[in-house]
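A short worksheet on the structure shown next.
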Amino acid sequence: MPATTAPAALLALYDREMRLGARPDGPDAVVERVGRVVRRTAPAHGWNGVEWSGFTSAQEADEAIAGQIAHYTSRGLSFEWKLYAHDEPADLGERLSAAGFTAGPDETLMAADIDGLALTDTVPDGIRVVPVTDAAGVDQVAEVHERAFGDASRFRRRLLDALSTTPDTVAAVLALAGDVPVGAARMELTPGTSFAGLWGGGTVPEWRGRGIYRALITHRARIAAARGYRVLHVDASPQSHPILRRLGFTPLTVTTPYVYEPPQ
């Protein structure tokens with residue numbers, strides 16, 4: 001794949017490999033296609049939700065929405081419908097809201113061919129980046145996540161499960177100032193695809209603005225390339241968007257999480 005793959009081609013490849021062709025991310029997860037929906041069902045601490053949909057009519061969309069609500073609520077699970085701006089029908093987000101879903105903040109799906117990234121091996125002074133391989137490292141990642149984003153209990157269990165049962169599908173890294181964790185991130189790898197996903201990149205407040213986020217991207221990009229992946233993707237917040245653009249990432253579309261909580 002050339003280093004300048006067009007955005008439309010990257011988005012089409014992403015839809016085909018990562019959404020329509022979604023794979024289980026653990027031994028207890030099940031991915032199945034039901035009609036015009038691809039959904040993932042996992043334990044309560046895992047990610048449950050709709051990965052892809054391809055409706056041909058509004059009625060088909062409404063029937064599928066009701067079907068997914070019934071599927072997950074029968075198991076007592078909250079779930080996410082991950083909506084992309086190019087999904088049809090155009091008012092699918094409004095239909096999800098009308099069915100009881102709550103929309104989260106928009107993020108920008110960005111991607112880049114690893115060979116085309118403006119990577120640097122420079123690490124901020126006083127910082128070392130190390131891999132996470134055990135429960136102690138996971139605890140440190142969760143500590144950073146807690147300070148950067150909030151509650152990390154479910155995240156910690158998911159990461160520990162992945163490292164323990166499917167280590168070829170995840171890589172996690174820490175930025176340490178001495179022995180103190182000040183930044184952390186993970187990467188989700190999908191064997192058999194072109195893509196490695198960057199997730200959870202966070203820095204504790206007092207260390208922001210010093211280049212740690214960029215260093216964590218570079219470290220994960222090197223791992224992905226060494227394992228044979230060619231494209232990185234990330235759901236970028238407004239804060240990370242400009243950093244990613246400078247590194248060579250291209251916006252592909254906007255994604256919005258719609259979350260449904262089953263009645264108590």
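Quantities reported herein were computed from a predicted structural model and do not represent experimental measurements.
- Using a cutoff of 4.0 Å between basic side-chain nitrogens and carboxylate oxygens, D115 and R230 are not scored as salt-bridged.
- No side-chain heavy atom of P24 sits less than 4.5 Å from a side-chain heavy atom of V30.
- Between Y14 and Y84 the shortest side-chain heavy-atom distance falls below 4.5 Å.
- Contact detail for R128 and G178: the closest heavy-atom pair is NH2-O, 3.0 Å.
- Between the CD1 atom in I217 and the CZ atom in F249 there is a gap of 5.5 Å [rounded to 0.5 Å].
- Note: the hydrophobic cluster containing L119 also contains L232 (ILVMFWY, side chain heavy atoms under 4.5 Å, direct or indirect links).
- Ring-centre distance between F195 and Y229: not below the 6.0 Å cut-off.
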Trace of the side-chain hydrogen bond (donor to acceptor under 3.5 Å, both in side chains) decision for W81 with Q68: CA-CA 9 Å; W81 193 300; Q68 303 322 303; over 6 Å; no
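- Judged purely by atom type and a 3.5 angstrom limit, R220 uses its side chain to pair as donor or acceptor with the backbone of L216.
- M110 and L10 end up in different hydrophobic clusters when Ile, Leu, Val, Met, Phe, Trp and Tyr side chains are linked at under 4.5 Å.
- Rounding to the nearest 0.5 Å gives a distance of 13.0 Å between OG of S53 and CZ of R39.
- Between the CG atom of L159 and the OG atom of S164 there is a distance of 9.0 Å, given to the nearest 0.5 Å.
- The number of heavy atoms from other shown groups lying within 6.0 Å of CG (D134) is above 12.
- Nearest heavy atoms, V38 versus L20: CG2-O, 3.9 Å.
- Of all heavy-atom pairs spanning A196 and M187, the tightest one is CB-SD, 3.8 Å.
- Proximity of V50 to K82: side-chain heavy atoms (C-beta onward) are nowhere separated by under 4.5 Å.
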List the steps and the verdict of side chain to side chain contact (heavy atoms under 4.5 Å, CB included) for W52 and V37. CA-CA 6 Å; W52 172 89; V37 163; 5.8 Å; no
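- Residues V170 and L163 are in side-chain contact: their nearest non-hydrogen atoms beyond the backbone lie under 4.5 Å apart.
- The minimum heavy-atom distance linking G197 with H233 is given by the pair CA-NE2, 3.2 Å.
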Going through the distances and angles, do V234 and L244 end up as a side chain to side chain contact (heavy atoms under 4.5 Å, CB included)? CA-CA 9 Å; V234 57; L244 293 163; 3.6 Å; yes
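- Side-chain atoms of D15 and H86 form a donor-acceptor pair, as typed in the model, at a separation below 3.5 Å.
- Considering only heavy atoms from C-beta on, L176 comes within 4.5 Å of V130 through its side chain.
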If you apply the rule side-chain hydrogen bond (donor to acceptor under 3.5 Å, both in side chains), what do you find for H219 with D121, and how did you get there? CA-CA 8 Å; H219 193 89; D121 291 320; over 6 Å; no
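- Judged purely by atom type and a 3.5 angstrom limit, R156 has no side-chain atom pairing as donor or acceptor with the backbone of V138.
- Remark: side-chain polar atoms of R75 are not paired, donor with acceptor, to backbone N or O of A44 under 3.5 angstrom.
- Without hydrogens or angle criteria, E60 side chain to T56 main chain gives a donor-acceptor distance under 3.5 Å.
- With a 6.0 Å radius and a threshold of 12 heavy atoms from other residues, nucleotides or ligands, E206 has its CD atom above the threshold.
- Side-chain contact check for R23 versus T193: some heavy-atom pair is nearer than 4.5 Å.
- Taking the side chain as every heavy atom from C-beta outward, P257 and E80 approach each other to under 4.5 Å.
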Go through the steps to decide whether F155 and V141 satisfy the test side chain to side chain contact (heavy atoms under 4.5 Å, CB included), and finish with yes or no. CA-CA 10 Å; F155 162 77; V141 172; 3.6 Å; yes
Could you check L11 against T253 for side chain to side chain contact (heavy atoms under 4.5 Å, CB included), going step by step and ending with a plain yes or no? CA-CA 8 Å; L11 180 58; T253 189; 4.1 Å; yes
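- A distance of 9.0 Å separates CZ of R222 from CG of L117, quoted to the nearest 0.5 Å.
- F101 pairs in a ring-ring contact (aromatic ring centres under 6.0 Å, His included) with only one of the listed residues (Y258, F79, Y72), which is F79.
- Around the CZ atom of R210, the shell of radius 6.0 Å holds more than 12 heavy atoms that belong to other residues, nucleotides or ligands.
- A224 and I114 get closest at one heavy-atom pair: CB-CD1, 3.8 Å.
- Under the 4.0 Å criterion applied to side-chain N and carboxylate O atoms, R95 and D62 are assigned as salt-bridge partners.
- Taking CG of N48 as the start and CG of L77 as the end, the distance is 4.5 Å to the nearest 0.5 Å.
- Between the side chains of Q239 and S237, at least one donor-acceptor pair of N or O atoms lies under 3.5 Å.
- In terms of hydrophobic clustering, with Ile, Leu, Val, Met, Phe, Trp and Tyr side chains grouped at heavy-atom distances under 4.5 Å, Y213 and I127 are assigned to a common cluster.
- Under the 3.5 Å distance criterion, with hydrogens and angles disregarded, a donor-acceptor pair is assigned to the side chains of H45 and D161.
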From CA spacing to verdict: salt bridge (Lys or Arg N to Asp or Glu O under 4.0 Å), D25, R40: CA-CA 9 Å; D25 59 354; R40 182 191 309 268; 3.4 Å; yes
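- Looking at heavy atoms from C-beta onward, V132 lies out of side-chain contact with V173 at the 4.5 angstrom threshold.
- Under the 4.5 Å side-chain heavy-atom criterion for ILVMFWY residues, a single connected hydrophobic cluster contains both V123 and V180.
- A152 approaches A142 most closely through the heavy-atom pair CB-O, 3.6 Å.
- To the nearest 0.5 Å, atom CG of residue D168 and atom OG1 of residue T166 are 6.5 Å apart.
- There is no side-chain donor-acceptor pair under 3.5 Å between H241 and R245.
- In this structure, a donor-acceptor pair under 3.5 Å is absent between the side chains of T255 and D235.
- Look at D87 and R19 and you find a salt bridge, because one of the NZ, NE, NH1 or NH2 atoms lies within 4.0 Å of a carboxylate O, short of that distance.
- Connection of L252 to V231 is established within a shared hydrophobic cluster, with ILVMFWY side chains joined at heavy-atom distances below 4.5 Å, either directly or through further cluster members.
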